[in-house]
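For this chain, numbers begin at 1 and follow the sequence in order.
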Amino acid sequence: MAHELRLVEDGAPEARAPIDPDALQAARADLAACFRMAARLGLEEGICNHFSALVPGRDDLFLVNPYGLAFREITASRLLVCDFHGRVVAGEGQPEATAFFIHARLHARLPRARAAFHTHMPYATALSMTEGEPLAFAGQTALKFYGRTAVDDAYNGLALDAAEGDRIAATLGDADVVFLRNHGVIVTGPTVAEAWDDLYYLERAAEVQVKALSTGRRLIPVDPEIARTAAAQMREGDPESARLHLASVKRVLARHEPDFAE
């Protein structure tokens, strides 16, 4: 279900630092790679989900996918550059309305969230539809997210205004991942690579939890003290592991879908 965004026509952007074209192209390629691999893994839903990332060196412009394209159709050059007022600064097309109202407000309210990925990926979304905390922290992969998740319990329908985006940003707070009750998830990170790494492993953690629950047996959560220790161990190596993970994704795509970087 998608809705068009009415762009702001009046006013002009403030004078800001110039954009580094090489850094922008690298960011475009990284983000496009995430879209393509998400499609290969079945993490998208039609044309309705969206990833964004702040333009390198800027805190007022962000890259986002245009309305109407499936993830597997995204290329680096097809990504839009938008400002926080609804203007498309570069690119053809426009963002889907909920994409704008979620991502613009997240980036504006939480500058640390330089990348924000929103999906209805099946297993994580399934956990958003169940009672209690979505993640049970009963498996090692889930421990990557220990102390890093929030839950938005107030499903209000489609995010079609800035107030809804602000509310989601406030719910996320200091967390990196927010489960949107009855809806899906948003994963944020300081880099595209770290957001991708978390998105991938969040779905893996959710998948094994759902499969474990399907046995009908009681889950055995990890002791909280051990969970905290393991989470800290994982976080220490996360930035480099995420960088290497995204690099591997781009190598795979370079062999099978090389047009992603065009």
Side-chain angles (χ1 to χ4, degrees), residues 22-45 49-56 62-65 71-72 74-76 79 103 106 112-125 127 135 137 139-149 172 175-179 184-210 227 229-262:
D22 293 334
L24 177 58
Q25 180 57 31
R28 285 180 174 276
D30 283 353
L31 196 56
C34 294
F35 281 108
R36 290 296 187 91
M37 187 54 71
R40 290 172 72 91
L41 297 175
L43 305 186
E44 88 286 27
E45 187 170 67
N49 295 173
H50 15 88
F51 296 172
S52 65
L54 288 175
V55 169
F62 64 100
L63 290 161
V64 69
N65 46 313
F71 279 17
R72 67 187 65 251
I74 297 294
T75 65
L79 293 170
H103 293 261
L106 274 177
R112 64 179 178 78
R114 295 198 64 84
F117 292 1
H118 170 53
T119 73
H120 302 163
M121 53 191 188
Y123 290 100
T125 300
L127 294 183
L135 282 181
F137 302 110
Q140 178 171 288
T141 302
L143 299 183
K144 176 178 171 65
F145 303 99
Y146 192 82
R148 300 177 56 211
T149 64
L172 183 64
D176 299 311
V177 175
V178 59
F179 283 86
V185 294
I186 297 175
V187 174
T188 64
T191 65
V192 168
E194 287 168 271
W196 166 255
D197 197 58
D198 277 350
L199 187 81
Y200 172 84
Y201 284 110
L202 181 66
E203 182 68 349
R204 295 291 289 177
E207 180 179 0
V208 290
Q209 182 173 317
V210 169
T229 300
Q233 291 170 332
M234 293 180 188
R235 281 196 292 273
E236 186 175 346
D238 267 356
E240 178 63 4
S241 179
R243 184 187 69 78
L244 294 172
H245 187 182
L246 183 55
S248 75
V249 165
K250 290 191 288 186
R251 288 194 300 272
V252 170
L253 291 172
R255 288 195 298 273
H256 300 287
E257 301 181 40
D259 65 320
F260 82 94
E262 293 176 358

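- For the atom pair Leu202 CG and Thr119 OG1, the distance stands at 8.0 Å (nearest 0.5 Å).
- Here Leu199 contributes atom CG and Phe51 contributes atom CZ; the two are 5.0 Å apart, rounded to the nearest 0.5 Å.
- The structure places CG of Leu31 at 11.5 Å from CZ of Phe62, a figure rounded to the nearest 0.5 Å.
- With sequence neighbours excluded, the residues satisfying side-chain hydrogen bond (donor to acceptor under 3.5 Å, both in side chains) with Thr75 are Ser77.
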Please tabulate, one pair per line, all N/O donor-acceptor pairs under 3.5 Å involving side-chain atoms of residues 247-256, not counting sequence neighbours.
{"residue": "Ser248", "atom": "OG", "partner": "His245", "partner atom": "O", "Å": "2.6"}
{"residue": "Lys250", "atom": "NZ", "partner": "Asp30", "partner atom": "OD1", "Å": "2.6"}

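- Phe145 pairs by the ring-ring contact (aromatic ring centres under 6.0 Å, His included) definition with nothing, not counting sequence neighbours.
- Considering only residues two or more places apart in sequence or on other chains, Asp197 meets the salt bridge (Lys or Arg N to Asp or Glu O under 4.0 Å) condition with Lys144.
- Taking the six-membered ring for Trp, Phe260 and Phe35 have ring centres at least 6.0 Å apart.
- The two residues Ala29 and Ala76 come nearest to each other via the heavy atoms N-CB, 3.9 Å.
- Scored by the salt bridge (Lys or Arg N to Asp or Glu O under 4.0 Å) test, Arg28 finds no partners at all (sequence neighbours excluded).
- Applying the side-chain contact (heavy atoms from CB on, under 4.5 Å) rule to Ala142 yields the partners Phe137, Ala205; only residues at least two apart in sequence or on another chain are considered.
- Remark: Gln140 engages no residue in a side-chain hydrogen bond (donor to acceptor under 3.5 Å, both in side chains) (not counting sequence neighbours).
- Residues that satisfy the salt bridge (Lys or Arg N to Asp or Glu O under 4.0 Å) test with Glu203, not counting sequence neighbours, are absent from this structure.
- With Arg114 contributing its side chain and Ala53 its backbone, the two residues share no donor-acceptor pair below 3.5 Å.
- When all heavy atoms of Ala124 and Ala206 are compared, the closest pair comes out as N-CB, 3.5 Å.
- Contact check on Arg72 versus Glu44 returns a salt bridge, with a Lys/Arg side-chain nitrogen under 4.0 Å from an Asp/Glu carboxylate oxygen.
- Partners of Arg235 under the salt bridge (Lys or Arg N to Asp or Glu O under 4.0 Å) rule, at least two apart in sequence or in another chain, do not exist in this structure.
- Residues meeting the ring-ring contact (aromatic ring centres under 6.0 Å, His included) test with Phe179, sequence neighbours left out: none.
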Val187/Asp176 under side chain to side chain contact (heavy atoms under 4.5 Å, CB included): CA gap, chis, key distance, verdict: CA-CA 6 Å; Val187 174; Asp176 299 311; over 6 Å; no

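- Side chains of Leu106 and Leu172 form a contact here, defined as non-hydrogen atoms less than 4.5 Å apart.
- Remark: Glu236 pairs with no residue by the side-chain hydrogen bond (donor to acceptor under 3.5 Å, both in side chains) rule, at least two apart or across chains.
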Worked verdict on Leu63 versus Leu24 for side chain to side chain contact (heavy atoms under 4.5 Å, CB included): CA-CA 9 Å; Leu63 290 161; Leu24 177 58; 4.1 Å; yes

CA sep, side-chain torsions, deciding dist, call: Phe71, Asn65, side chain to side chain contact (heavy atoms under 4.5 Å, CB included): CA-CA 8 Å; Phe71 279 17; Asn65 46 313; 4.1 Å; yes

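- Enclosure of atom CZ in Arg204 is not indicated, since only 12 or fewer non-hydrogen atoms of other residues, nucleotides or ligands lie within 6.0 angstrom.
- For Glu194, the side-chain hydrogen bond (donor to acceptor under 3.5 Å, both in side chains) criterion is met by Thr191, not counting sequence neighbours.
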Residue pair Arg112, Thr188: steps toward the side chain to side chain contact (heavy atoms under 4.5 Å, CB included) verdict: CA-CA 9 Å; Arg112 64 179 178 78; Thr188 64; 4.2 Å; yes

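- We find the CH2-CE distance between Trp196 and Met37 to be 6.5 Å, quoted to the nearest 0.5 Å.
- Going from atom NE2 of His103 over to atom CZ of Phe117 covers 9.5 Å, rounded to the nearest 0.5 Å.
- Inter-residue side-chain proximity for Tyr146 and Leu135 is flagged as unmet; no heavy-atom pair is nearer than 4.5 Å.
- Across all their heavy atoms, Gly184 and Thr125 have their closest contact at CA-OG1, 3.6 Å.
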